Amino acid sequence: MSKPVVAIVGRPNVGKSTLFNALAGEMISIVKDTPGITRDRIYADVNWLDKDFTLIDTGGIEPDSKDVILSQMRDQAQIAIDTADVILFITDVKQGLVDSDSKVADMLRRSKKPVVLVVNKVDNFDKFMPDVYEFYNLGIGDPVPISAASRLGLGDMLDVVTEYFPEGAGEEGEDDRPRIAIVGKPNVGKSSIVNKLLGENRVIVSDVAGTTRDAIDTEIVHGGREYIFIDTAGLRRKSRIKEELERYSIIRTVAAVERADVVLLIIDAVEGVTEQDAKIAGIAHERGKGILIVVNKWDAIEKHDKTMKEYENKIRQVLSYLSYAEILFVSAFTGQRLSKLYERIDIIIENQTLRVATGVLNEIMSEAVAMQQPPSDKGKRLKLYYITQVSVKPPTFVIFVNDKTLMHFSYTRYLENKIREAFGFRGTSLKFFIRERKEKEQ
């Protein structure tokens with residue numbers, strides 16, 4: 001099963017981003033004393049007592065606001081609620097129980113999701129507990145007092161949250177069918193591609209950006225093998241502010257990518273690679289998924305004999321960190337090259353699960369060191385003792401060295417390139433961890 005998703009929701013300025021940053025362990029969300037400053041939904045991977053989950057921060061919910069940005073943030077929060085397994089409903093003890101809190105509580109009640117009611121800014125439990133009891137009036141469960149700024153009560157809160165996680169959440173299931181997430185901006189043709197592969201219109205397709213509201217799992221059998229395609233949602237267009245709307249798709253993308261073995265990043269050939277494409281690609285890359293960049297609407301491009309190569313070079317330039325990714329030019333409209341998707345997906349899955357013998361890895365590393373001396377600093381030179389592969393999906397390696405501070409990322413990249421020269425690993429990222437081992441341990 002994929003990791004559970006926990007969404008932080010509540011009115012503006014009750015401390016959602018402060019709590020998010022406290023749990024994520026770093027300053028990710030913008031924190032400012034202006035209601036509505038967090039417009040993006042932000043996500044982070046969190047671990048509590050060996051339980052992993054994905055945490056989502058949302059913009060504040062203003063139930064009755066007519067303001068365009070605030071109404072978009074309300075829609076944004078609704079998407080997070082729809083995606084979440086557990087909802088953290090944050091209120092403010094110093095502002096007290098207000099009418100908007102009751103309206104948000106009604107919204108959460110309708111979601112039928114587990115809700116943990118959190119009363120924030122309780123810096124002194126003895127002083128504020130009588131005020132905390134007021135929040136029982138929301139009728140949404142026992143209020144949990146915390147202070148996000150002072151890191152008080154967070155453990156008790158997380159204990160309650162993790163009780164709601166589905167049994168076996170985060171563990172690998174027995175279903176070994178390849179799972180392929182189809183991600184990308186709204187209206188790039190994600191659903192059209194699934195429909196063409198399926199041969200029927202099971203997924204709604206329209207020229208209105210984001211007519212697919214929910215992620216949909218579609219089983220397709222090809223060549224005797226079953227594949228599960230996860231079609232991620234776009235958004236119904238609520239505003240002309242395109243940049244704001246595009247940000248909405250990020251969390252559904254995170255949830256879908258988390259469940260996938262291979263990610264198909266769909267790019268509009270006419271529009272080219274956008275900043276939003278780069279953000280979505282980054283999510284898949286960070287999570288070590290297999291990646292296939294699919295350039296759709298290729299039939300709409302005027303071509304000459306070098307068009308495809310030039311276009312590929314542009315993609316490689318913008319998404320330079322995805323140098324390993326496969327690229328395929330298709331047309332969902334004409335069906336051009338869609339049959340090649342399965343061939344590429346199979347190659348990527350094979351590479352994601354490829355294991356290299358330790359002896360072979362150490363031969364490659366010894367040759368690499370002989371060809372290019374490791375870096376040194378202040379007279380001390382990096383020594384590489386040993387390399388071994390510890391896991392797959394993605395292929396993950398541990399390198400033992402004398403001093404990991406000397407292991408510059410460029411030398412790690414050099415070793416990665418040598419391993420790729422020998423084994424390819426097309427379509428998958430490789431992860432490297434550097435560990436210190438004293439010479440006397442050899």
Side-chain angles (χ1 to χ4, degrees), residues 4-38 42-63 77 80-81 84-109 111 113-165:
V5 174
V6 178
I8 301 176
V9 302
R11 293 183 295 105
N13 213 32
V14 294
K16 295 185 299 299
S17 295
T18 304
L19 176 60
F20 177 85
N21 291 332
L23 297 178
E26 52 187 307
M27 296 296 287
I28 297 175
S29 287
I30 302 166
V31 178
K32 189 177 177 184
D33 272 339
T34 305
I37 197 68
T38 309
I42 314 290
Y43 65 91
D45 293 324
V46 178
N47 176 279
W48 176 250
L49 300 180
D50 293 330
K51 292 183 179 177
D52 294 318
F53 61 95
T54 298
L55 185 68
I56 305 170
D57 187 20
T58 66
I61 303 174
E62 284 283 14
I81 291 165
D85 296 291
V86 183
I87 298 160
L88 274 175
F89 175 25
I90 314 300
T91 57
D92 183 339
V93 74
K94 293 180 179 176
Q95 292 180 27
L97 183 60
V98 300
D99 186 51
S100 290
D101 287 326
S102 298
K103 291 180 178 176
V104 174
D106 289 340
M107 180 180 174
L108 297 179
R109 210 175 277 112
S111 75
K113 298 286 181 74
V115 177
V116 178
L117 173 60
V118 178
V119 183
N120 191 24
K121 306 184 184 179
V122 184
D123 303 314
N124 183 315
F125 279 45
D126 293 333
K127 177 182 176 183
F128 287 111
M129 280 312 291
D131 298 317
V132 170
Y133 298 138
E134 178 187 13
F135 289 86
Y136 273 104
N137 290 318
L138 288 172
I140 207 163
D142 298 336
V144 180
I146 69 161
S147 171
S150 303
R151 309 290 203 272
L152 296 175
L154 301 189
D156 291 341
M157 178 193 73
L158 289 172
D159 285 343
V160 177
V161 169
T162 53
E163 284 176 8
Y164 288 109
F165 288 173

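What you see is a predicted model; the values in this text were computed from it and never measured.
Checked against Tyr164 for a side chain to side chain contact (heavy atoms under 4.5 Å, CB included), the options Val115, Val116, Asp85 give a single hit: Val116. Each of Leu19, Val161, Val5, Ile8 was scored for a side chain to side chain contact (heavy atoms under 4.5 Å, CB included) with Leu55, with one residue passing: Ile8. Results of the salt bridge (charged side-chain N to carboxylate O under 4.0 Å, His left out) test with Arg11 over Asp99, Asp101, Asp92 single out Asp101 as the only residue that passes.
Looking at every heavy atom in both residues, Lys121 comes nearest to Val14 through CE-O, 3.7 Å. Residues Ala84 and Ala7 approach most closely at CB-CB, 3.7 Å, considering heavy atoms.
Using a 4.5 Å heavy-atom threshold, the side chains of Leu117 and Tyr136 count as separate. Two residues are said to be in side-chain contact when any heavy atoms from C-beta on lie closer than 4.5 Å; Met157 and Leu23 meet this criterion. Counting only heavy atoms from C-beta outward, the side chains of Ile140 and Phe135 never approach each other to under 4.5 Å. Ser102 has its side chain within reach of Leu138: a pair of non-hydrogen atoms, C-beta onward, lies under 4.5 Å apart. Considering only heavy atoms from C-beta on, Phe20 stays 4.5 Å or farther from Ile90 through its side chain. With contacts defined as side-chain heavy-atom distances shorter than 4.5 Å, the pair Asp123/Lys94 qualifies.
Taking CG of Leu97 as the start and CD of Glu134 as the end, the distance is 5.0 Å to the nearest 0.5 Å. In this structure, CG in Leu108 is found 6.0 Å from CZ in Phe89, a value given to the nearest 0.5 Å.
For Asp106 and Arg109, the salt-bridge test passes: some basic side-chain N is under 4.0 Å from an acidic carboxylate O.
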I'd like to know whether Leu88 forms a side chain to side chain contact (heavy atoms under 4.5 Å, CB included) with Val118, so could you lay out the CA-CA distance, the side-chain angles of the two residues, the decisive distance to 0.1 Å, and finally the verdict.
CA-CA 7 Å; Leu88 274 175; Val118 178; 3.6 Å; yes

Stepwise side chain to side chain contact (heavy atoms under 4.5 Å, CB included) test for Asp159 and Leu49
CA-CA 9 Å; Asp159 285 343; Leu49 300 180; 3.8 Å; yes

For residues 124-132, dump all side-chain donor-acceptor pairs below 3.5 Å to protein atoms at least two apart in sequence or in another chain.
| residue | atom | partner | partner atom | Å |
| --- | --- | --- | --- | --- |
| Asn124 | OD1 | Asp126 | N | 3.1 |
| Asn124 | OD1 | Lys127 | N | 3.0 |

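The closest side-chain donor-acceptor pair between Asp52 and Asn47 falls under 3.5 angstrom.
Panel note: side chain Ser150, backbone Leu152; no donor-acceptor pair is recorded below 3.5 Å.
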